Amino acid sequence: MLDMKFLREHPEEVKENIRKKFQDSKCPLVDEVIALDKENRALKQHGDDLRAQRNSLSRQIGGMMKEGKRNEAELLKQQVSAMAEKMKQVEAKEGELAEKIEKIMMIIPNMIDPSVPIGRDDSENVEVERYGEPVVPNFEIPYHTEIMERFDGIDLDSARKVAGNGFYYLMGDIARLHSAIITYARDFMINRGFTYVIPPFMIRSNVVSGVMSFAEMDNMMYKIEGEDLFLIGTSEHSMIGKFIDTILDEKKLPYTYTSYSPCFRKEKGAHGIEERGVYRIHQFEKQEMIVICKPEESAKWFEKLYQNTVDFFRSLDIPVRTLECCSGDLADLKSKSVDVEAWSPRQKKYFEVGSCSNLTDAQSRRLKIRVNGEKGKYYAHTLNNTVVAPPRMLIAFLENNLNEDGSVSIPEVLQGYMGGMKKLEVKK
RNA sequence: GGAGACGUAUCGAAGUGGUUGUAACGAGACUGAUUCGAAAUCAGUUGACGUGUGAAAGCGUCCGUGGGUUCGAAUCCCACCGUCUCCGCCA
């Protein structure tokens with residue numbers, strides 16, 4: 001959500017930004033909302049005048065009643081009553097206009113960072129850097145569910161019976177590996193100075209509409225029947241929501257959290273054959289990081305955040321690359337976003353395992369997350385990034401650590417979390 | 001789930017229909033005086049949002065949220081949300 005003042009003063013820049021995101025059909029909204037805003041302010045002035053008049057007359061009535069001038073008071077009462085109809089109309093119009101304006105402001109995209117490459121969709125995202133050697137071994141690597149099955153580590157058939165497609169039973173060493181990765185990720189981030197948090201896994205609708213766009217909400221969120229509650233799609237939702245409607249002390253910034261949660265997503269729409277197994281699922285677990293900081297520091301934090309994910313994967317010997325999201329692939333609230341992708345030796349390409357975003361002040365404006373600083377009040381910047389989402393990351397883990405004899409090596413940093421195991425051996 | 005109490009600005013807290021409510025009072029914070037410096041003391045300042053302006057003044061809105069009654073609502077009525085205490089149930 002943009003600042004109305006900014007939009008009023010820089011309409012051409014806002015339109016240019018919309019065009020860069022290939023959403024040209026939204027351009028007319030800019031002039032439309034400026035006109036509405038102008039009308040709204042004039043109407044508000046009119047309403048304020050009426051209210052001032054009423055307040056003043058009502059005070060006079062109060063005075064007269066005390067002095068016992070009943071007849072005069074009655075006359076004034078009638079006068080104020082006569083205004084009532086007009087005020088009602090003005091107030092109704094005020095509400096109507098404010099609603100229209102907000103609706104438009106919600107769909108005008110955030111200003112993208114000047115460094116964001118211009119492109120229509122994810123095919124035009126730009127590789128930034130590769131870390132580690134993407135190795136293709138000289139033996140065949142099976143689909144990840146097949147590797148898991150060798151260890152009796154997955155049961156999708158039962159999951160389908162119990163909950164439907166998009167759910168899984170992880171079992172035995174594979175389940176243990178999953179938990180080990182989450183726990184290791186938690187400690188990894190704690191060691192980097194982040195505060196560990198376990199947040200609510202359900203949130204109210206007002207938080208939902210603050211942290212994401214309407215399109216996302218419809219495609220992602222599960223609603224609890226009969227309650228004003230939604231299952232979170234990521235702990236970012238409850239973690240940013242934590243700060244809703246607050247004024248933070250500048251001295252306490254930045255807030256750097258790493259949170260654990262299960263995540264629930266509808267994942268509406270058809271998905272390809274490469275997204276079977278545990279790639280795209282309705283329920284998964286994730287270790288997340290979020291930062292709330294001063295505007296001038298968000299660019300620096302952005303770099304640090306995705307670097308954390310890169311370092312995490314590299315500590316497990318998984319080759320990764322960073323991919324800059326182009327303008328058209330950037331969600332409307334985001335100013336800049338980098339995906340971290342892990343190497344798949346089976347597919348011989350990289351696939352997404354995490355996403356790092358700087359939302360500048362767009363999210364905080366919606367949620368009213370402000371900072372009381374030396375130079376006055378301002379909106380904080382919010383950022384979020386995936387540390388790791390183990391079900392999906394297991395794909396990269398198993399593929400990259402698979403040995404020719406079918407065993408899977410466990411990197412040193414993880415062995416402690418696996419009870420000292422150095423290898424998963426195939427059961428005969 | 002049942003019963004009761006409560007929700008007022010950074011915090012505590014008064015305020016049960018009106019010119020004296022511009023939300024008292026107290027604490028905290030900030031500024032100044034005093035002091036070699038500090039504590040204590042004294043004086044002053046200290047909510048948010050919108051509008052307006054060169055800047056201001058002014059005006060409007062906000063007393064958990066949303067409605068209603070009234071010329072006028074923190075105050076009365078209704079619904080919802082939340083907190084606390086006790087009871088019940090349950091990891």
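These values consider heavy atoms only, across backbone and side chains, with no hydrogens, waters or symmetry-generated copies. Fair warning: this is a prediction, and the values are worked out from it, not measured in the lab.
The interatomic distance linking Ile247(A) (CD1) with A48(B) (P) rounds to 7 Å, in whole Å. When rounded to the nearest whole Å, the span between CG of Leu50(A) and P of U51(B) equals 19 Å. For the pair Asp249(A) CG and A48(B) P, the computed distance is 14 Å after rounding to whole Å. Going from atom CG of Asn372(A) over to atom P of C30(B) covers 13 Å, rounded to whole Å. Across the protein-nucleic acid pair, Leu229(A) atom CG and G82(B) atom C1' stand 14 Å apart, rounded to whole Å. Rounded to an integer number of Å, the gap from Glu85(A) CD to C71(B) C1' is 16 Å. As rounded to whole Å, 18 Å separates atom P of C80(B) from atom CG of Asn206(A). One interatomic measurement links the two molecules: NZ of Lys5(A) to C1' of G50(B), which rounds to 9 Å at whole-angstrom precision.
Remark: the backbone N or O of Gly328(A) is not paired with any side-chain donor or acceptor of Arg120(A) at under 3.5 angstrom. For the pair Ser364(A) (side chain) and Asp361(A) (backbone), a donor-acceptor distance under 3.5 Å is present.
Rounded to the nearest Å, the gap between the C1' atom of G28(B) and that of C86(B) is 35 Å. With both ends at atom P, the span from U65(B) to C71(B) equals 25 Å, rounded to whole Å. U19(B) and C30(B) have their C1' atoms separated by 34 Å, with the value rounded to a whole Å. Between C77(B) and A3(B), the distance separating the two C1' atoms is 23 Å to the nearest Å. Taking the P atom of each, A73(B) and G17(B) are spaced 14 Å apart, rounded to whole Å. Nucleotides U61(B) and U22(B) have their C1' atoms positioned 15 Å apart, rounded to a whole Å. One P atom belongs to G32(B), the other to G37(B), and the distance between them is 13 Å to the nearest Å. Spacing of P atoms, A55(B) relative to A79(B), comes out at 49 Å, to the nearest Å.
Seen from the ring of Tyr260(A), Arg186(A) does not count as a face-on cation partner, given the 6.0 Å and 45° thresholds.
A salt bridge is absent between Glu297(A) and Lys304(A): the closest approach of a Lys/Arg side-chain nitrogen to an acidic carboxylate oxygen does not fall below 4.0 angstrom. A salt bridge links Glu12(A) and Lys15(A); the closest N-O separation between the charged side-chain nitrogens and carboxylate oxygens is under 4.0 Å.
Put simply, the residue from Tyr306(A), Phe397(A), Tyr184(A) that forms a ring pair (Phe, Tyr, Trp, His ring centres under 6.0 Å) with Phe312(A) is Tyr184(A).
Phe351(A) and Tyr279(A) have tilted rings, their planes meeting at an angle from 30° to 60° on a 0 to 90° scale.
Candidate nucleotides A48(B), C71(B), U51(B) were compared by shortest atom distance to the side chain of Arg370(A), and A48(B) ranks first.
The number of heavy-atom neighbours closer than 6.0 Å to NZ of Lys300(A), taken from other residues, nucleotides and ligands shown, is above 12. For Glu102(A), the CD atom sits in a loose shell: 12 or fewer heavy atoms of surrounding residues, nucleotides or ligands are nearer than 6.0 Å.
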Letter by letter from the 5' end, nucleotides 56-69 of chain B scores (B base, S sugar-phosphate only, - none; protein heavy atoms under 4.0 Å) ---SSS--------
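Within the nucleic acid shown, Arg365(A) has no heavy atom closer than 4.0 Å to any nucleic acid atom. Base engagement by Ile61(A) is indicated by at least one non-hydrogen atom pair under 4.0 Å involving a base atom.
OP1 or OP2 of A48(B) has at least one side-chain nitrogen or oxygen of Lys377(A) nearer than 4.0 Å.
Remark on RNA chain B: of its neighbouring residues Gly63(A) and Leu76(A), the 5'-side contact belongs to Gly63(A), judged by nearest-heavy-atom nucleotide.
Consecutive pairing runs in RNA chain B reach the stem threshold at B:1-7 with B:81-87, B:10-12 with B:25-27, B:28-33 with B:41-46, B:47-51 with B:58-62, B:64-68 with B:76-80, where a stem means at least three Watson-Crick or G-U wobble pairs with distances under 3.5 Å.
Rounded to the nearest 0.5 Å, atoms OG (Ser238(A)) and CD1 (Ile244(A)) are 12.0 Å apart.
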Derivation of the side-chain hydrogen bond (donor to acceptor under 3.5 Å, both in side chains) call for Gln363(A) and Thr382(A): CA-CA 7 Å; Gln363(A) 205 174 31; Thr382(A) 60; 2.7 Å; yes
